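Residue numbers count from 1 along this sequence. When a ligand or atom number is given, it counts from 1 through the structure's own listing order. As the structure is a computational prediction, the values presented were derived from the model and not from experiment.
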Amino acid sequence: MTTSGLNGVTAGTSRISTVGQAGVGLTYRGYSITDLALDSTFEEVAYLLIYGKLPNQAQLDAYKKKLSRLRSLPDALKTLLEALPASTHPMDVLRTGTSLLGTLEAEGENGRTAATVGDRLTASFGSMLAYWYRFQQRNERIETESDEDTVAGHFLSLMSGRPTDSTKRDALDTTLVLYAEHEFNASTFTARVITSTLSDTYSAIVGAIGALRGPLHGGANEAAMELVSSFDSPQDAEKSLIHMLEARRLIMGFGHRVYKNGDPRSPIVKDIAKKLSEVAGNTSYYEISERIETVMMREKGMFPNLDFYAATAYHMCGIPTAMFTPVFVIARTCGWIAHVIEQRSDNKLIRPLSDYTGPEPREFVKIGERG
Ligand code: COA
């Protein structure tokens with residue numbers, strides 16, 4: 001029996017996270033997402049996912065120092081970033097940057113493992129994005145070092161060229177925790193499929209970035225911002241949304257393959273979006289978003305997913321819309337790496353079957369005899 005989009009199909013076992021299981025909810029290695037979002041930091045979560053356990057204070061300090069040391073970009077990578085067209089989508093910047101780094105710092109050389117490649121990418125993605133962005137936007141060749149000791153702070157300070165606002169940095173940090181891992185979603189499954197052929201970690205991450213780019217997956221946070229910002233007011237949003245639903249249009253940032261009664265990450269990111277909007281004294285996108293949420297619940301019984309309020313939160317952090325999904329990549333790389341390591345630990349080639357629906361067997365006609 002075939003299942004469209006593998007809906008409801010269990011495609012393997014994993015010890016990394018639970019998603020949507022009754023009575024358990026979303027956990028990373030057994031820890032609830034609410035506890036992690038409220039009381040831990042992204043670096044603790046990255047360590048937990050990649051190395052399998054929560055770090056103690058000394059381990060966390062050492063890990064943060066390690067990530068800080070891994071931020072710089074090789075000259076060849078800077079040259080490549082400068083050569084990319086200004087119209088390049090930043091997801092393609094990351095995809096291409098990862099691919100080049102995989103040739104300059106290949107896995108297996110100098111003791112590099114999936115874990116250390118994961119650390120390197122997690123640490124340097126912010127540098128890649130900001131280097132490319134500042135070169136294209138302001139014709140600047142920036143230093144990719146910063147005084148910030150967190151992944152969130154480093155990204156924000158490099159992007160803006162100014163010291164980081166602690167409210168925005170902490171808000172971004174919490175969203176990175178929320179985005180870090182989510183079981184067998186499309187990009188993670190892509191990474192596992194690539195890994196299952198005994199390919200290298202960079203290839204798995206390049207494939208995962210490609211899968212995350214689409215608006216049905218990670219690209220939804222960018223698409224949600226386009227939706228929210230297209231309305232002048234909550235009233236305008238409500239009126240237009242009714243028309244969109246009548247036309248059977250997809251409303252980006254709503255719906256989920258697994259969560260049918262609400263995404264546990266959504267209330268946390270909604271709260272962040274609200275606080276950032278209030279601090280900025282600009283609640284218009286937040287109010288429009290709330291109205292969209294109300295209409296979607298009333299008309300379709302649908303809940304927002306993480307991407308919906310992440311859009312307003314990132315906008316209020318001053319992050320350009322095209323960088324929303326790349327920020328998701330920064331967060332999710334540690335989750336992908338955890339799955340690469342797990343897949344390798346008990347590998348079996350992932351190779352399903354399909355039900356054939358093409359033509360019946362027929363006689364081959366040589367080129368000169370075809371009409
Ligand atoms: N807006 C409007 N209607 C939606 C919808 C949305 N965002 N998401 C699902 N639906 C509708 C579908 O059109 C379908 O209606 P139908 O039964 O009348 O045909 C029904 O709800 C079931 O949806 P389905 O496409 O079968 O769900 P799925 O599990 O295959 O898809 C998503 C899940 C996430 C791909 C889908 O909800 C979606 O496209 N959401 C928008 C993109 C998004 O936010 N992605 C990020 C996910 S974290």
Proximity of [X] to ligand 1 by residue part, where a heavy atom lies under 4.0 Å:
X      : answer
Lys260 : side chain
Pro215 : backbone
Asn305 : side chain
Asp307 : side chain

From the options Thr150, Leu156, Leu158, select the one residue that forms a side chain to side chain contact (heavy atoms under 4.5 Å, CB included) with His154.
-> Leu158

With Tyr309, the side chain to side chain contact (heavy atoms under 4.5 Å, CB included) member among Val228, Val269, Asp271, Ile272 = Val269

[atom] touched by protein (heavy atom, under 4.0 Å):
atom                    : value
atom 32 (C) of ligand 1 : no
atom 18 (O) of ligand 1 : yes
atom 6 (C) of ligand 1  : yes
atom 24 (P) of ligand 1 : no
atom 14 (C) of ligand 1 : no
atom 21 (O) of ligand 1 : no

How many angstroms lie between SG in Cys317 and CG in Asp165, if you round to the nearest 0.5 Å?
-> 8.5 Å

Could you check whether the rings of Tyr63 and Tyr51 sit parallel, tilted or perpendicular, using 30° and 60° as the cut-offs?
-> perpendicular

How are the rings of Tyr285 and His315 set to each other: parallel, tilted or perpendicular (split at 30° and 60°)?
-> tilted

Closest heavy-atom pair, Phe184 versus Thr13, reported as atoms and distance to 0.1 Å, is CZ-O, 4.2 Å

Heavy-atom pair with the smallest gap, counting every atom of Leu212 and Thr325 = O-CG2, 3.8 Å

Give the atom numbers and elements of ligand 1 that come within less than 4.0 Å of a heavy atom of [X].
X      : result
His217 : 46 (C)
Gly253 : 43 (C), 44 (O)
Arg249 : 2 (C)

Would you mind finding which of Leu216, Asn221, Leu241, Leu250 brings a heavy atom closest to atom 46 (C) of ligand 1?
-> Leu216

Return the option from His256, Met296, Lys300 holding the heavy atom at the smallest distance from atom 48 (S) of ligand 1.
-> His256

Does a donor on one side chain and an acceptor on the other come within less than 3.5 Å for Glu82 and Tyr131?
-> yes

Is there a side-chain contact between [X] and [Y] (heavy atoms, below 4.5 Å)?
X      : Y      : answer
Val340 : Arg192 : no
Pro90  : Tyr133 : no
Ile194 : Tyr202 : no

Give me the nearest non-hydrogen protein atom to [atom] as residue plus atom name, then the distance to 0.1 Å.
atom                    : answer
atom 8 (N) of ligand 1  : Met302 CE, 3.3 Å
atom 40 (N) of ligand 1 : Phe254 O, 2.8 Å
atom 16 (P) of ligand 1 : Arg248 NH2, 3.8 Å
atom 43 (C) of ligand 1 : Ala220 CB, 3.5 Å

Nitrogen or oxygen atoms of [X] and ligand 1 under 3.5 Å apart:
X      : result
Ile251 : yes
Arg257 : yes
Met252 : no
Leu245 : no

Could you check Phe254 against Phe303 for ring pair (Phe, Tyr, Trp, His ring centres under 6.0 Å), going step by step and ending with a plain yes or no?
-> CA-CA 6 Å; Phe254 283 82; Phe303 296 85; 9.2 Å; no

Please find out if less than 6.0 Å separates the ring center of His182 from that of Tyr259.
-> yes

Quickly, which of Lys168, Lys64, Arg169 forms a salt bridge (charged side-chain N to carboxylate O under 4.0 Å, His left out) with Glu148? Name it, please.
-> Arg169

